[in-house]
Amino acid sequence: MVLRIFGLSGLVTVASLVVAFLYGGPTALALCAILGILEVSLSFDNAVINATVLQRMSDWWQRIFLTVGVLIAVFGMRLVFPLAIVWITAGLDPVRAFDLALNPPADDAPYFPDGSPSYETLLTDAHPQIAAFGGMFLALLFLNFIFEEREITWLGWLERPLAQAGKLDMLSVVVAGAGLILTAEFLAPDDKRATVLAAGVLGMIVYIAVDGLGSMFHTEEHAGGPSELAKATGKAGFFLFLYLEVLDASFSFDGVIGAFAITSDPIVIALGLGLIGAMFVRSITVYLVRKGTLSEYVYLEHGAHWAIGALAAILLISIGVHVNELITGMVGVAFIGAAFISSVLRNKREGGDEEELESERAATPVG
């Protein structure tokens, strides 16, 4: 099963590295490999969340997400999106934006000799509104999770009081809105405050709209996930697909922006982040669904949501303070790693309790 799930990703990785080498030699090859590793490390929590949604979808919609959705992730978010940001914010046509990306100033200078900004500079200037949109979308996803009562809690000492507080209607929107106002007031540059507020509100609107549409076609879930008959089809499947695409876009922001700390070449970024990174995230998602890992390791979903909360905070903080990409990646890995270890310990503890109960039953005389 592992070979079948990860085999295609391995082939795509080899092909991408070969193309990178032919395109830009050993330097491009090394940069492509680094970007692929960066994307996988940043997006492991994305794969866990994808799996929790994907297991609610019918087989047909799962295939659509794992084919069409991956194409959107590869070419839409990792190649077209940065170009679109540049041509929209700088008022350039798409061809000029692509030409600007392929022909940076000498020595990767931020400006050309005539004083015009480089592609990387234009994209970096757009970071505050990108981070505000993605940060608020992910913040609402995290807040709606921790403010909901659950039978199983990971950080019970914290999650149970938060779930109690969550009985207050629309608390997640209130907290997210307050966070956005504080970010705009204390972190955003003076000339970007209105833009940050508008982008953040838009991120909240998109989350509420997509999540609300998905709730209209909510399917019943059972202890081990939704049954085959209850899995989302038709409109329900479509809105879950749409939700996953917006979610992937929000996760991609930090990776796309962070990639420019390594290289500004859009081809290398598309190969490393898009083909290598996105394909491995797809494979990890499929593995989690097919192996039933989320049901076996029950705290993984909790860990992924706490990682999302951390990522949302990092995106908002990065509007005013540079945050090293290594920190962004390691925070997610740390939360999910801790959740995985906690799940393993829980399974061992419950397994030991069951063995002890069986021994007591065997020792009890019949009649």
Enquirer: Would you say the side chain of L54 lies within less than 4.5 Å of the side chain of T285, judging by non-hydrogen atoms?
Expert: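 In contact.
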Enquirer: Just by distance, do the side chain of S9 and the backbone of S283 share a donor-acceptor pair under 3.5 Å?
Expert: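 Looks like no, no N/O pair under 3.5 Å.
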Enquirer: Any sub-3.5 Å donor-acceptor pair from Q62's side-chain atoms to M57's backbone N or O?
Expert: yes
Enquirer: What distance do I208 atom CD1 and N144 atom CG have between them, rounded to the nearest 0.5 Å?
Expert: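 If we round to the nearest 0.5 Å, I208:CD1 and N144:CG are 8.5 Å apart.
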Enquirer: Compare every heavy atom of Y23 with every heavy atom of V268, then report the nearest pair and how far apart it is.
Expert: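 Closest pair (atom of V268, atom of Y23, distance): CG2-CE2, 4.0 Å.
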Enquirer: For the CD1 atom of I319 and the CG atom of L315, what is their distance to the nearest 0.5 Å?
Expert: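 So the CD1 of I319 and the CG of L315 are separated by 8.0 Å.
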Enquirer: Indicate if V175 and I205 have the same hydrophobic cluster label, given that clusters are the connected sets of ILVMFWY residues with side-chain heavy-atom separations under 4.5 angstrom.
Expert: yes
Enquirer: Would you say the side chain of W154 lies within less than 4.5 Å of the side chain of S342, judging by non-hydrogen atoms?
Expert: yes
Enquirer: When you group the ILVMFWY residues by side-chain heavy-atom contacts below 4.5 Å and let the links chain together, are M170 and M204 in the same group?
Expert: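 M204 clusters together with M170.
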Enquirer: For side-chain contact (heavy atoms from CB on, under 4.5 Å), just list the numbers for Q129 and F133, CA-CA rounded to whole Å, side-chain angles, deciding distance to a tenth of an Å, and then say yes or no.
Expert: CA-CA 6 Å; Q129 51 263 48; F133 178 93; over 6 Å; no
Enquirer: Kindly give the heavy-atom pair with the smallest separation between E148 and A163, and that separation in Å.
Expert: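 Reported closest heavy-atom pair: O-CB, 3.8 Å.
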Enquirer: Could you check whether R150 makes a cation-pi contact with F145, meaning its NZ or CZ is under 6.0 Å from the centre of the six-membered ring and within 45° of the ring axis?
Expert: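 Judged by the rule (NZ or CZ under 6.0 Å from the ring centre, within 45° of its axis), R150 counts as positioned above F145.
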Enquirer: Are T13 and M279 packed together at the side-chain level, in the sense that at least one heavy-atom pair is separated by less than 4.5 angstrom?
Expert: no
Enquirer: Would you check if the side chain of S118 reaches a backbone N or O of P110 as a donor-acceptor pair within less than 3.5 Å?
Expert: yes
Enquirer: Report the relative orientation of the aromatic rings in F142 and W306; use parallel for angles under 30°, tilted for 30 to 60°, perpendicular for over 60°.
Expert: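 Judged by the thresholds at 30° and 60°, the geometry between F142 and W306 is perpendicular.
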Enquirer: Side-chain contact test, heavy atoms from C-beta onward, threshold under 4.5 Å: evaluate it for L143 versus V173 and give yes or no.
Expert: no
Enquirer: To the nearest 0.5 Å, what is the distance between CD1 on I308 and CZ on F335?
Expert: 11.5 Å
Enquirer: With under 30° as parallel and over 60° as perpendicular, where do the rings of F6 and Y287 fit, or are they tilted in between?
Expert: tilted
Enquirer: Is W60 reachable from V68 through a run of hydrophobic residues whose side-chain heavy atoms are each under 4.5 Å from the next?
Expert: yes
Enquirer: Which heavy atom of A132 sits nearest to which heavy atom of A199, and what is that distance?
Expert: CB-CB, 4.0 Å
Enquirer: Tell me, do I284 and V48 make a side-chain contact under 4.5 Å, heavy atoms counted?
Expert: no
Enquirer: Determine, stepwise, if the pair H305 / I49 fulfils side-chain contact (heavy atoms from CB on, under 4.5 Å).
Expert: CA-CA 8 Å; H305 277 90; I49 298 299; 3.3 Å; yes
Enquirer: Say you draw a straight line from CZ of F147 to CG of L140; how long is it, rounded to the nearest 0.5 Å?
Expert: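 Answer for the CZ-CG pair, F147 versus L140, is 10.5 Å.
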Enquirer: What distance separates I146 CD1 from L155 CG, expressed to the nearest 0.5 Å?
Expert: 10.5 Å
Enquirer: Could you check whether any side-chain heavy atom of Q164 comes within less than 4.5 Å of a side-chain heavy atom of E149, counting everything from C-beta outward?
Expert: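 Of all side-chain heavy-atom pairs linking E149 with Q164, at least one is under 4.5 Å.
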Enquirer: Tell me whether D99 contacts the main-chain N or O of V95 through its side chain, where contact means a donor paired with an acceptor under 3.5 Å.
Expert: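 Here the side-chain-to-backbone pair does not exist.
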Enquirer: Looking only at heavy atoms, what is the nearest atom pair of T153 and H302, with distance?
Expert: CA-NE2, 4.0 Å
Enquirer: Is there side-chain contact between V19 and C32, with at least one heavy-atom pair below 4.5 Å?
Expert: no
Enquirer: Go through the structure and list residues passing side-chain contact (heavy atoms from CB on, under 4.5 Å) with R346, not counting sequence neighbours.
Expert: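 Scan of R346 (side-chain contact (heavy atoms from CB on, under 4.5 Å), adjacent residues dropped) gives I152, V298, Y299, R349, E350.
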Enquirer: Output yes when a side-chain donor or acceptor of T121 lies under 3.5 Å from a complementary backbone atom of P117, and no otherwise.
Expert: no
Enquirer: What distance do S116 atom OG and L100 atom CG have between them, rounded to the nearest 0.5 Å?
Expert: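 Answer rounded to 0.5 Å: 7.0 Å.
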Enquirer: Please report the shortest heavy-atom distance between A47 and L288, naming the atom on each side.
Expert: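 Scanning both residues completely, I find the closest heavy atoms to be O-CD1, 3.8 Å.
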Enquirer: Do L8 and L275 belong together in a cluster built from hydrophobic side chains that touch within less than 4.5 Å?
Expert: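 In one cluster with L8: L275, yes.
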Enquirer: So which heavy atom on L311 is nearest to which on L138, and how close?
Expert: CD2-CD1, 3.7 Å
Enquirer: For F65 and V53: C-alpha separation, side-chain torsions, deciding distance, then whether side-chain contact (heavy atoms from CB on, under 4.5 Å) applies.
Expert: CA-CA 11 Å; F65 174 73; V53 179; over 6 Å; no
Enquirer: Is there side-chain contact between M136 and L316, with heavy atoms separated by less than 4.5 Å?
Expert: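 Yes, at least one pair of side-chain atoms sits under 4.5 Å.
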Enquirer: Applying a strict under-4.5 Å side-chain criterion to I, L, V, M, F, W and Y, I'd like to know whether L300 and L158 cluster together.
Expert: yes
Enquirer: List, by chain and number, the other hydrophobic cluster members for V174, where Ile, Leu, Val, Met, Phe, Trp and Tyr join if side-chain heavy atoms come within less than 4.5 Å, directly or indirectly.
Expert: none
